[in-house]
Amino acid sequence: MQIDLKVLRYLVEIVRHGGFGKAAEQVHLSQPALSKAIRGLEEALGETLLERGGRGSRVRLTPAGKVVYRHANALLEGREQMLNELRMLRGLECGELRIGLSPLGSGEIFAPVIARFRELYPGVEIHLRERGGVEQEDALRNGEIELATSLKPTDEDIAWMQICDDPMMVALPHAHPMSETGAIRLEALAEVPIVGFEPGFMLSKLIRDNCRAVGFDPRVVAEVSHPDFGLALVAAGTGVMLLPRLIAERHKTDGVVVVPLDSTLLRWTLSLIWRRNASLSFAARKMREMIREML
């Protein structure tokens with residue numbers, strides 16, 4: 001059995017105004033049309049809801065009518081509350097945003113966007129998850145977050161928007177034989193100890209795949225989760241480090257020389273990603289829009 005909320009509102013207005021005349025004006029119907037709608041509701045429920053007196057007398061609810069009237073009020077109030085909450089969500093007066101950011105580059109790139117979002121929409125609660133790109137994609141698929149940052153994805157279920165396309169650099173100890181080279185080809189690092197990022201970083205996989213594509217497995221001697229520590233290891237002579245130009249410029253370290261990597265294939269293509277068929281929250285849509293505008 002389907003009951004139209006509109007007809008329940010008619011019933012509530014009739015009771016509120018004590019009759020069909022004023023209620024008809026309130027709901028913008030003729031009295032015959034309003035009477036027909038109520039008769040249809042009574043037939044659908046199999047109960048008489050109103051005691052109709054003579055002209056000029058107030059209508060009264062039957063016992064069955066009192067039950068329907070009580071629930072009709074609750075349903076209509078619930079509908080209004082639902083619409084009000086949706087209006088607040090659309091206006092970003094409330095809600096939450098669950099976003100995953102990679103430790104690599106997020107502070108430099110996203111901090112201003114997040115600060116601006118908080119300033120404009122203080123009622124939205126932001127939940128930040130800082131993990132490598134591999135974990136971010138898993139969290140995205142599991143519904144733990146709505147937006148994430150990662151390198152340009154290749155899987156069909158992930159949609160993306162490119163944020164940064166940065167060349168890669170080689171960070172070397174100041175006294176390294178290749179520190180005065182104009183540019184270093186990836187093949188030249190075949191026998192060189194490399195300070196890499198942890199496996200949870202998509203950049204780690206990208207570097208490994210590109211090294212294998214030119215004929216060698218990278219000789220990784222240490223894995224880090226933050227460029228500052230990696231560059232400190234480079235300065236100490238542990239090995240060399242491959243990292244995006246943006247990160248190398250923001251984390252300059254004494255005793256480290258940064259030289260361009262001569263490669264058109266190995267680049268840091270940072271992207272904002274989301275599930276292709278997901279219905280994003282109003283907050284996530286607004287954040288995506290702000291990132292597109294600000295970056």
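This one's a predicted model, so the numbers in the text were calculated from it and none came from an experiment. Only this structure's heavy atoms are used, side chains among them; waters, hydrogens and symmetry mates stay out.
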Hey, are R116 and E119 close enough for a salt bridge, meaning a charged N less than 4.0 Å from a carboxylate O? yes
Sequence neighbours left out, what passes salt bridge (charged side-chain N to carboxylate O under 4.0 Å, His left out) with R275? Give chain and number order. none
Salt bridge flag under 4.0 Å for residues E42 and R52: yes
Not counting sequence neighbours, list each pair that qualifies as a ring-ring contact (aromatic ring centres under 6.0 Å, His included) and has a residue in residues 215-254. H226-H251
Using side-chain contact (heavy atoms from CB on, under 4.5 Å), reason through L172 and I184 one step at a time and then give a plain yes or no. CA-CA 11 Å; L172 311 103; I184 299 174; 3.9 Å; yes
Sequence-distant partners of R79, salt bridge (charged side-chain N to carboxylate O under 4.0 Å, His left out), two or more places apart: none
State plainly whether one hydrophobic cluster holds both Y69 and I3, where clusters connect Ile, Leu, Val, Met, Phe, Trp and Tyr through side-chain heavy atoms under 4.5 angstrom apart. yes
Does C211 reach the side chain of L186, with side-chain heavy atoms less than 4.5 Å apart? yes
Short side-chain to backbone donor-acceptor contact, D166 and L246, under 3.5 Å: yes
Using atom types as modelled and distance alone, determine if a side-chain donor or acceptor of N210 lies under 3.5 Å from a backbone N or O of L206. yes
Nearest heavy atoms of V234 and A171, plus distance in Å: CG1-O, 3.6 Å
Do you reckon W274 sits in the same ILVMFWY cluster as I145, going by side-chain contacts under 4.5 Å, direct or chained? no
Could you pull out all residues at least two apart from E289 that satisfy side chain to side chain contact (heavy atoms under 4.5 Å, CB included)? K286, E293
Evaluate side-chain contact (heavy atoms from CB on, under 4.5 Å) for E47 paired with T62, printing each intermediate quantity in order. CA-CA 9 Å; E47 297 288 346; T62 65; over 6 Å; no
Heavy-atom side-chain proximity of L76 to V12 below 4.5 angstrom: yes
Below 4.5 Å, heavy atoms only, C-beta onward: do L101 and I114 meet side chain to side chain? yes
State which residues pass side chain to side chain contact (heavy atoms under 4.5 Å, CB included) with H127; sequence neighbours excluded, sorted by chain then number. E96, R98, E125
Which residues share a ring-ring contact (aromatic ring centres under 6.0 Å, His included) with F117, sequence neighbours left out: Y121
Sub-3.5 Å donor-acceptor pair from the side chain of S179 to the main-chain atoms of H174, do we have one? yes
Sequence neighbours left out, what passes side chain to side chain contact (heavy atoms under 4.5 Å, CB included) with D262? Give chain and number order. A183, R185
Near R276 CZ, under 6.0 Å, is it more than 12 heavy atoms from other residues, nucleotides or ligands? yes
Atom CG of D155: over 12 foreign heavy atoms under 6.0 Å: yes
Is V113 reachable from W160 through a run of I, L, V, M, F, W or Y residues, each pair having side-chain heavy atoms under 4.5 Å apart? no
Restricting to pairs with a member in residues 7-30, which pass ring-ring contact (aromatic ring centres under 6.0 Å, His included), not counting sequence neighbours? none
Student check: side-chain heavy atoms of I273 and E137 closer than 4.5 Å: yes
Pairwise side-chain contact, L104 with P227, heavy-atom cut-off 4.5 Å (strictly under): yes
Quiz question: by atom type and distance under 3.5 Å, do the side chains of Q81 and E77 form a donor-acceptor pair? no
What is the distance from atom CD of E51 to atom CZ of R58, rounded to the nearest 0.5 Å? 13.5 Å
What residues form a salt bridge (charged side-chain N to carboxylate O under 4.0 Å, His left out) with D217, not counting sequence neighbours? R212
Is there a side-chain contact between W268 and L243, using heavy atoms and a 4.5 Å cut-off? no
So, taking the atom named CG in L270 and the one named CG in L203, what distance separates them when rounded to the nearest 0.5 Å? 10.0 Å
Hydrophobic clustering (ILVMFWY, side-chain heavy atoms < 4.5 Å, transitive) - are M294 and L128 grouped together? yes
Side chains of residues 33-41: which donor-acceptor pairs under 3.5 Å do they make with residues two or more places apart or in other chains?
| unit_1 | atom_1 | unit_2 | atom_2 | d |
| --- | --- | --- | --- | --- |
| S35 | OG | Q31 | O | 3.1 |

Taking side chain to side chain contact (heavy atoms under 4.5 Å, CB included) as the definition, give me every residue that meets it alongside A284, ordered by chain and number, with sequence neighbours left out. L97, E146, L147, L280, S281
CD1 of I158 to CG of L140, rounded to nearest 0.5 Å, is 4.5 Å
Can you name the nearest heavy-atom pair linking A24 to S30, along with the distance? CB-C, 4.1 Å
Going through the checks in order, is the side-chain contact (heavy atoms from CB on, under 4.5 Å) test met by R267 and D165? CA-CA 7 Å; R267 298 182 66 86; D165 182 15; 2.9 Å; yes
One should read off an interatomic distance between R285 CZ and L92 CG, to the nearest 0.5 angstrom, of 10.0 Å
Show the nearest heavy-atom pair for residues E187 and V214, with the distance to one decimal. CG-CB, 3.9 Å
Please examine the side chains of S271 and M161, heavy atoms only from C-beta on, and report whether any two atoms are closer than 4.5 Å. no
Taking all heavy atoms of G182 and all of P260, pick out the closest pair and write down the distance. O-CD, 3.4 Å
Would you say V134 and L266 are hydrophobically clustered, going by side-chain heavy atoms of ILVMFWY under 4.5 Å? yes
Close side-chain approach of L189 and L242, heavy atoms under 4.5 Å: yes
Using the ring-ring contact (aromatic ring centres under 6.0 Å, His included) criterion, which residues pair with F201? Sequence neighbours excluded. F197
V192 vs M178, test: side-chain contact (heavy atoms from CB on, under 4.5 Å). Steps then yes/no. CA-CA 11 Å; V192 177; M178 289 190 284; 3.9 Å; yes
Could you report the tightest heavy-atom contact between T149 and Q136, atom names first, then the distance? O-CG, 3.9 Å
Interatomic spacing from CG in D209 to CE in M202 - rounded to 0.5 Å: 9.0 Å
Of all heavy-atom pairs between A248 and V258, which one has the smallest distance, and what is that distance? CB-CG1, 4.0 Å
Could you state the interatomic distance from CE (M168) to CE (M241), rounded to the nearest 0.5 Å? 9.0 Å
